[in-house]
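In what follows, a structure is listed as structure tokens, so that the remarks can point back to it.
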Number of protein chains: 2
Amino acid sequence: MSGRISILLEPLDALVNQDKILQSLIAENLVSDPDSARGRLLREAARLFRDKGYERTTVRDLAAAVGIQSGSLFHHFRTKEEILKAVMVETIRLNTAVMQAAMSAADSNREKLRALVSAELESINGQTGEAMAVLVFEWRSLSEASQAEVLKLRDIYEALWLDVLNALKDEGALVADPFVVRRMLTGALSWTVTWYRPERGGLTQDGLTDQVVAMLGLSQS
Amino acid sequence: MSGRISILLEPLDALVNQDKILQSLIAENLVSDPDSARGRLLREAARLFRDKGYERTTVRDLAAAVGIQSGSLFHHFRTKEEILKAVMVETIRLNTAVMQAAMSAADSNREKLRALVSAELESINGQTGEAMAVLVFEWRSLSEASQAEVLKLRDIYEALWLDVLNALKDEGALVADPFVVRRMLTGALSWTVTWYRPERGGLTQDGLTDQVVAMLGLSQS
DNA sequence: CCTACCGATCGGTAGG
DNA sequence: CCTACCGATCGGTAGG
């Protein structure tokens, strides 16, 4: 599982697999088609929110990013906050699906944890528009009503993590409390968006995943 | 070191010690006296920035928190951003001093790491006005000129962490890369501000420190 | 999806 | 430290 060939193939497999999942979610109307007007707006919004923050991103920035006038935005969304909510809802839906697929492909709990870490790092730092970092850092910009709505989806997502961490605890592989570990990982992984620059060389995303797993005291199996 | 008495005394010792450090920093004009107009404003600003974010905090919020009119703020600070910079500078100065003291009191590298984790958790979640969380989460709200200025102080602070982590790596106690571990810890520890509520019971700050150390695979000594 | 514009609020200023 | 106010910019609207 750690030979030279799998290192080359894994990212490719993951990409193909992720595209299949995306297509089926679009078909079920759970996420927007990236080629639609709505989809393109959400992708640009996610990028802007991630890079400069929700509060510092104006409706004029959002409109300019997709080449329309600011007033035209409100044909698609009633408020700016609704755009933030949509970004979060679609991000979490896609990621939950991607992670469930990655989990079912893994045999051991250690591999499952590695898959979760890897997928979340990809979602936070990836160029594909799924900005998990927005979900984490802009949470308090969401109205309470929207928070409650997104929280239901988040609970499902978090349950994936807790199941694996609890299993590792039962195995004796994990010493610390699974709940605390998950919260620490949420902070640690999202924080990578501020410093991790894979395009500058150095640590690959796979190498970073290894480091996270090593930090937890779990060998790579 | 882990008897019933030390559990009771440690927090008190830490408080007394921290106050001594604060007094000497005030004497050197490195941080503002908490009882001065400037000091009270910075303390309220830190709390507001931490709780609702810099962008969402208006100059009118800041003025109201100390009972003056918004225009009067600009007698003390030329711009709102200057207030943010002052909060960050004074926070990092105080914390560097507190940490250096904690380090010199510790014998082993494991104890030093524990002291660093404990001090940072206190600075992030404490009620004493030293809001490390602001330094982390509002970094991008700082102008580039101010960032460069604060960065010099941060480098000293980060060096404290890297020295201890590198020593633990050399001892064989740490498996992962010290640099990566420190960045992960930055995210993990600051993220506690969003979920950790010691006043609600449950995990104590000491217990949380234990969990973090346990998560890193380092026993409590 | 555009043009034209709104009321509110923002950070900051002038003069005392 | 206050009163009174500013220009700019914000999210959002009306009518086409």
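Model, not experiment: these values are computed from the prediction. Chain A is the first sequence line, chain B the second, and so forth, proteins listed ahead of strands; every chain is numbered from 1.
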Between [X] and [Y], does at least one N-O distance fall below 4.0 Å, as a salt bridge requires?
X	Y	answer
B:Arg140	A:Asp51	no
A:Arg182	A:Asp177	no
A:Glu44	A:Arg47	yes
B:Arg38	B:Glu90	yes

| Does the ring centre of A:Phe137 sit less than 6.0 Å away from the ring centre of B:Phe137? |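 Yes; A:Phe137 has its ring centre under 6.0 Å from that of B:Phe137.
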
| field | Residue-phosphate contact under 4.0 Å: A:His76 side-chain N/O, C:dC1 OP1/OP2 | value |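 Yes, A:His76 has a side-chain N/O under 4.0 Å of OP1/OP2 on C:dC1.
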
| query | Side-chain donor-acceptor pair under 3.5 Å between A:Ser146 and A:Glu81, yes or no? | reply |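 There is such a pair (donor and acceptor under 3.5 Å, judged by atom type) between the side chains of A:Ser146 and A:Glu81.
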
| request: Can you tell me the pairing partner of C:dC10 across any strand shown, Watson-Crick or G-U wobble, with both distances under 3.5 angstrom? | output: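 In the structure as shown, C:dC10 has D:dG7 as its Watson-Crick or wobble partner.
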
| query | For D:dG15, what is the paired nucleotide under Watson-Crick or G-U wobble rules, both distances under 3.5 Å? | reply |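 Base-paired to C:dC2.
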
| field | 5'-most by nearest nucleotide on DNA chain D - A:Ser70 or B:Gly67 | value |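 Comparing both residues, the 5'-ward one is B:Gly67.
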
| task | By nearest nucleotide on DNA chain D, pick out whichever of A:Ser72 and A:Asp61 is the more 5' one. | result |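 Counting from the 5' end, the first nearest nucleotide belongs to A:Asp61.
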
Return the value, rounded to whole Å, for the distance between atom [atom1] of [X] and atom [atom2] of [N].
X	N	atom1	atom2	value
A:Ile68	C:dC1	CD1	P	6 Å
A:Lys85	D:dG11	NZ	P	18 Å
B:Glu81	C:dG12	CD	C1'	14 Å
B:Phe77	C:dG11	CZ	P	15 Å
A:His75	D:dG12	NE2	P	17 Å
B:Gln69	C:dA14	CD	P	19 Å
A:Ile83	D:dC10	CD1	C1'	14 Å
A:Glu82	D:dG11	CD	C1'	14 Å

| Close residues, residues 49-60 of chain A, relative to DNA chain D [heavy-atom separation under 4.0 Å] |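 Close to the strand are A:Thr57, A:Thr58, A:Val59, A:Arg60.
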
| query | Is the backbone N or O of B:Thr186 less than 3.5 Å from a side-chain atom of B:Ser190, with the two atoms forming a donor-acceptor pair by type? | reply |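 Side chain of B:Ser190 to backbone of B:Thr186, a donor-acceptor pair under 3.5 Å: yes, one is there.
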
| Picking from C:dC1, D:dG12, C:dT13, which would you name as closest to the side chain of A:Phe74? |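 Ranking C:dC1, D:dG12, C:dT13 by closest atom to the A:Phe74 side chain puts D:dG12 first.
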
| Of the candidate nucleotides D:dC2, D:dG11, C:dG12, which contains the atom at the shortest distance from the side chain of A:Lys80? |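 Selected nucleotide (nearest to the side chain): D:dG11.
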
